[in-house]
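These numbers come from a predicted model, not from an experiment.
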Number of protein chains: 2
Amino acid sequence: MKPLIQTFVMHFGEMGSRWGINRTVSQIYALLFVSREPLHADAIVEALNVSRSNVSMGLKELQAWRLVETQMEPGDRRLYYRAPEDVWDIFRTLAEERQRREVDPTLSMLRSALLSEPACEDERHAQQRMEQMHEFIEMLTGWFAEVQRLSPQTLTRLMRLGSSVGRLLELADRGGRLPSPN
Amino acid sequence: MKPLIQTFVMHFGEMGSRWGINRTVSQIYALLFVSREPLHADAIVEALNVSRSNVSMGLKELQAWRLVETQMEPGDRRLYYRAPEDVWDIFRTLAEERQRREVDPTLSMLRSALLSEPACEDERHAQQRMEQMHEFIEMLTGWFAEVQRLSPQTLTRLMRLGSSVGRLLELADRGGRLPSPN
DNA sequence: CACTTGTTTCAATAATTACTGAAATTTCAG
DNA sequence: CTGAAATTTCAGTAATTATTGAAACAAGTG
């Protein structure tokens, strides 16, 4: 593997493991991300110097996360893997999957905790805090879910607007009037 | 520990470990988050049923992340720990720390990779991909850094606006005219 | 259907990460 | 100072998670 690519792949593996993603899985992904053409499993084995079975499991994991796509080459029985082109798309998929796997279960845990009758002052307070957390997570993820339905280029423009939209609101709070959107 | 709180703390520990945060650290934080009053280390030991040294290390970690505050009670030599009240604040701190520890180093790795002269077509392509990633991360985190300087209530209002700001932009893209902000 | 090629599964093992208890350190009251 | 209380450190151990190799499986091919 070229040093340039090696550095990137290793760094990515390190980062992945800090975010709770298996090191090899992250490395496989990084490698596919920078590769000019799709790779088959054995090419990955050679590049990363890990076992064939490890690569197989890693690719399976990445497919479960919808982060890689497969394709066949004519006259070749091996499967070729590639990462989607658009970085926004990748980010969106990652966010959706983590929402489904981690955030949604948390929200439902919180909701069911909020249903029980508090038996003492401590429980009452704990429920209040859980409600705050629930509301916060719902707002954040709800906003995100709405916003990510916008097209990548609109998103980019929205980001580039930076905080100016917020500053507008802040001005309004200080007694100004918000210009009507119509 | 009350069952209501126990469920919350355990769930949080589980989630933490999926996001690369030590299980005990997450549990300590969850416990402090729902507690009506600040707790001292031994109270945490008792509630979570882990060793005193584990709690000590966990609290140290949380302090390094600026996620807990300490206070003294009069006539008591023990340190009392508590989590900040405001959930936005908590989120912001977490985001800032992860930015500093993980995102910034990644950006600088990418930048230095982009400086080297590509030696072949593969490297040229890899650099292009790294540039895309660099641009994306910078945009996202830059936007976030700007936006999080807004006050919590402005942020809340911005979120509640949902994607309507984006829909406005999208309309403009389809040939309409954007109302001037002046 | 026997054989080749590619892929997956899974029990055993390796590597990593977390946790503990004993000892060291800090802090403060008397 | 001295000693008691609180906390921290750290080497050893436990628990968890990742990786491997061997075997099973699947899908063509001649």
Side-chain angles (χ1 to χ4, degrees), chain A residues 9-32 37-65 68-82 101-102, chain B residues 9-32 38-65 67-82 101-102:
Chain A
V9 167
M10 293 302 132
H11 181 98
F12 218 81
E14 184 52 37
M15 280 304 138
S17 72
R18 292 210 203 174
W19 289 80
I21 293 156
N22 176 294
R23 182 177 268 96
T24 306
V25 170
S26 314
Q27 289 178 351
I28 293 173
Y29 190 73
L31 183 63
L32 291 174
E37 301 148 34
L39 301 178
H40 59 260
D42 284 314
I44 299 171
V45 166
E46 195 167 339
L48 300 183
N49 207 16
V50 292
S51 73
R52 182 63 182 78
S53 49
N54 199 359
V55 169
S56 175
M57 290 188 298
L59 287 168
K60 196 182 156 199
E61 181 89 358
L62 286 170
Q63 280 178 291
W65 281 81
V68 297
E69 291 155 10
T70 56
Q71 71 183 59
M72 295 295 257
E73 304 271 297
D76 189 338
R77 285 172 51 190
R78 293 171 297 187
L79 267 173
Y80 284 76
Y81 297 84
R82 63 191 155 76
R101 290 159 197 245
E102 274 127 26
Chain B
V9 168
M10 293 302 133
H11 181 97
F12 218 82
E14 183 55 35
M15 280 304 138
S17 71
R18 292 209 205 175
W19 289 81
I21 294 155
N22 176 292
R23 183 176 268 97
T24 307
V25 170
S26 313
Q27 288 178 351
I28 294 173
Y29 191 75
L31 183 63
L32 291 174
L39 301 177
H40 59 258
D42 284 316
I44 299 171
V45 166
E46 196 166 340
L48 299 182
N49 207 17
V50 292
S51 73
R52 182 64 183 78
S53 48
N54 199 359
V55 169
S56 175
M57 291 188 297
L59 287 168
K60 196 182 157 199
E61 180 90 359
L62 286 169
Q63 280 177 292
W65 281 80
L67 285 170
V68 297
E69 290 156 10
T70 56
Q71 71 182 62
M72 296 295 261
E73 304 271 298
D76 189 339
R77 285 175 50 191
R78 293 172 299 189
L79 266 173
Y80 284 75
Y81 297 84
R82 62 190 155 76
R101 290 161 197 244
E102 275 126 27

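- One distance of note links CE of A/M57 with CG of A/L62; it measures 12.5 Å at 0.5 Å rounding.
- Across the protein-nucleic acid pair, A/L62 atom CG and D/dA18 atom P stand 13 Å apart, rounded to whole Å.
- For the pair B/L48 CG and C/dA18 C1', the interatomic distance rounds to 15 Å; values are reported in whole Å.
- For D/dG21, its base never sits under 3.5 Å from the side chain of A/S51 at any donor and acceptor pair.
- In this structure, the CD1 atom of A/I44 is 10 Å from the P atom of C/dT7, given to the nearest Å.
- What you find for B/P38 and B/Y80 is that their closest heavy atoms are O-CD2, 3.6 Å.
- Listed pair B/R52 / D/dT7 meets the phosphate criterion, a side-chain N or O lying under 4.0 Å from OP1 or OP2.
- Distance CD (B/Q71) to C1' (D/dA6): 17 Å, rounded to an integer number of Å.
- One interatomic measurement links the two molecules: CG of A/D76 to P of D/dA27, which rounds to 17 Å at whole-angstrom precision.
- Atom CD of A/E61 and atom P of C/dT8 are 13 Å apart (whole Å).
- Regarding B/M57, its CE atom lies at a distance of 15 Å from the P atom of C/dA22, rounded to whole Å.
- Contact between B/R77 and B/M72 at its shortest, heavy atoms only, is O-CE, 3.9 Å.
- Of the candidates C/dT7, D/dT8, D/dT20, D/dT8 carries the atom nearest the B/Y81 side chain, counting heavy atoms from C-beta on.
- Put simply, the side chain of B/R77 and the base of D/dA6 share no donor and acceptor less than 3.5 Å apart.
- Comparing B/N22 and B/M72 by the nucleotide of DNA chain C that holds the closest heavy atom to each, the one mapping nearer the 5' end is B/N22.
- In terms of phosphate contacts, A/N54 brings no side-chain nitrogen or oxygen within less than 4.0 Å of OP1 or OP2 of D/dG21.
- With rounding to the nearest 0.5 Å, the separation of CZ in B/R82 from OG1 in B/T70 is 8.0 Å.
- At the phosphate of C/dC19, neither OP1 nor OP2 sits under 4.0 Å from any side-chain N or O atom of B/S53.
- The distance between atom CD1 of B/I21 and atom P of C/dC19, rounded to the nearest whole Å, is 14 Å.
- Contact annotation: B/K60 side-chain N/O to D/dT9 OP1/OP2 distance is under 4.0 Å.
- OP1 or OP2 of C/dC19 has at least one side-chain nitrogen or oxygen of B/T24 nearer than 4.0 Å.
- Contact between the side-chain N/O atoms of B/R23 and the OP1/OP2 oxygens of C/dA18 is not found at any separation under 4.0 Å.
- Of the candidates C/dT20, D/dT8, C/dT7, the closest approach to any side-chain atom of B/S56 belongs to D/dT8.
- Rounding to the nearest 0.5 angstrom, the gap separating the CG atom in B/L32 from the CD1 atom in B/I44 is 4.5 Å.
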